[in-house]
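Beneath this line is the structure, given in structure tokens, with notes to follow.
Only this structure's heavy atoms are used, side chains among them; waters, hydrogens and symmetry mates stay out.
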Amino acid sequence: MEKPYFKTILLSEEIARSLREIDCFLNRTEFRVRVAGSPDEIEEAIRREPPDALMVDAGLTGGDVERFCRRLRDVPGASPAMPLVLVGPPDQDERSRRAGCNEYVASPATPNTLLHRLAGSLRIQFRLHTRVPAVISVSFGRIVSEFLGYSKDISVGGVLVESSLELPLDRRLHLRLFLEERERPIVARASVLRVERITEEDQYLLGLKFQDLDARASSRIESFIRSRTDS
């Protein structure tokens, strides 16, 4: 089966907690987020699957930022080009960079600031999000049912939809996305890559991967994303 993710991101627990409730690129179907709670766990996660980017808080360093950064750089299998973003006190910036830290974010930092830096390290755009109506059409035998949902995030690869509908993984369906009120919707086939129940709500997050999206639809999605990119 084709791997649905193309970026793996490793976060320390404190960073992950601050970003958990935010609609952002981390929730897109083509990203996979790993969380580690200690230096040993971070090192083991890097060894098991080297991430495309790593963001951790300086509280894990035990006061020795340089040693901590070098330790992560020396993990077997880690790419020398792996972006390492550290979040901590302003006075540790220069020491961290000398030890191999690519980006240093002075704390306290807002979630948006963290996301901007993380997106920059991945060389992707951090964009604002707009709820887009999405109509999901599913066939049950000879009966076709339609369900209304709202996108939490969208890319040319797929869309994350909040809906009352729960579907099995790999289910094929048809999708209509209403990007702009006065324009015709984008019609696409999609498959289910992710299903997550929203805590204490009778709702689900469905990660849908587009199938055979045509060039015109891709262009419309790209234009829509650019119009909502936070500059």
Side-chain angles (χ1 to χ4, degrees), residues 1-36 49 51-53 55 111-112 114-116 118-119 122 124-140 144-179 185-211 213 217-218 220-222 224-225 228-230:
M1 180 178 176
E2 181 183 356
K3 187 179 180 182
Y5 307 98
F6 70 83
K7 295 288 185 182
T8 297
I9 301 168
L10 179 58
L11 305 175
S12 62
E13 281 187 349
E14 184 172 335
I15 301 297
R17 277 196 299 270
S18 68
L19 302 180
R20 188 167 291 143
E21 303 302 324
I22 298 188
D23 292 340
C24 63
F25 62 87
L26 296 180
N27 297 319
R28 280 168 26 192
T29 57
E30 62 264 46
F31 287 87
R32 178 166 51 191
V33 177
R34 299 299 193 210
V35 180
E49 182 179 6
D52 296 281
M55 176 178 275
N112 276 358
L114 298 178
L115 288 168
H116 270 290
L118 186 56
L122 291 164
I124 63 172
Q125 291 178 318
F126 170 53
R127 63 177 184 271
L128 303 173
H129 298 274
T130 303
R131 283 166 60 88
V132 173
V135 176
I136 301 170
S137 299
V138 186
S139 61
F140 299 94
V144 177
S145 296
E146 293 192 334
F147 302 83
L148 175 65
Y150 290 90
S151 76
K152 305 283 286 184
D153 195 7
I154 185 172
S155 73
V156 293
V159 63
L160 188 68
V161 175
E162 182 181 287
S163 173
S164 60
L165 178 66
E166 181 182 15
L167 289 172
L169 295 177
D170 297 324
R171 182 63 185 266
R172 300 297 180 93
L173 50 86
H174 285 82
L175 188 66
R176 299 201 306 275
L177 292 171
F178 295 82
L179 299 184
I186 286 177
V187 179
R189 291 183 298 173
S191 59
V192 180
L193 290 181
R194 168 187 169 192
V195 181
E196 177 184 337
R197 183 162 188 168
I198 302 175
T199 307
E200 299 180 353
E201 295 182 32
D202 191 21
Q203 295 284 314
Y204 296 88
L205 287 179
L206 305 175
L208 308 178
K209 180 181 180 180
F210 295 135
Q211 304 289 332
L213 194 67
S218 294
R220 286 185 60 191
I221 291 174
E222 289 174 344
F224 178 79
I225 291 171
R228 281 150 180 83
T229 297
D230 186 3

* Flag yes if more than 12 heavy atoms outside F147 fall under 6.0 Å of its CZ atom; otherwise flag no. => yes

* To do: Might you point out which heavy atoms bring R220 and I186 nearest each other, and give the distance in Å?
  => NH1-CG1, 3.6 Å

* Structure fact -> With S137 as partner, the option from R189, H174, E146 fulfilling side-chain hydrogen bond (donor to acceptor under 3.5 Å, both in side chains) is E146

* Considering non-hydrogen atoms only, spot the tightest contact between Q211 and S191 and give its length. => NE2-OG, 2.8 Å

* Interatomic spacing from CD in E162 to CG in D153 - rounded to 0.5 Å -> 13.0 Å

* Structure fact -> Heavy-atom closest pair (P133 atom, L148 atom, distance to 0.1 Å) is CB-CD1, 4.4 Å

* Hey, what do you get for CZ (F224) to OG (S155), rounding to the nearest 0.5 Å? -> 12.0 Å

* Can you name the closest pair of heavy atoms from S164 and Q203 and give their distance? -> N-OE1, 3.5 Å

* Asked: Excluding sequence neighbours, so at least two apart, what forms salt bridge (Lys or Arg N to Asp or Glu O under 4.0 Å) with E196?
  -> R194

* Those residues that, when tested against V192, pass side-chain contact (heavy atoms from CB on, under 4.5 Å) (two or more places apart) -> L167, L169, R171, L173, V195, L208

* To do: Specify the closest pair of heavy atoms between P111 and L19, including all atoms of both residues, with the distance to one decimal.
  => O-CD2, 3.7 Å

* **Interatomic distance, I9 atom CD1 to L122 atom CG [nearest 0.5 angstrom]** => 5.0 Å

* Inter-residue atom distance S12.OG - R34.CZ, 0.5 Å rounding -> 16.0 Å

* **Value rounded to 0.5 Å, distance of CZ in F31 from CG in L160** => 13.0 Å

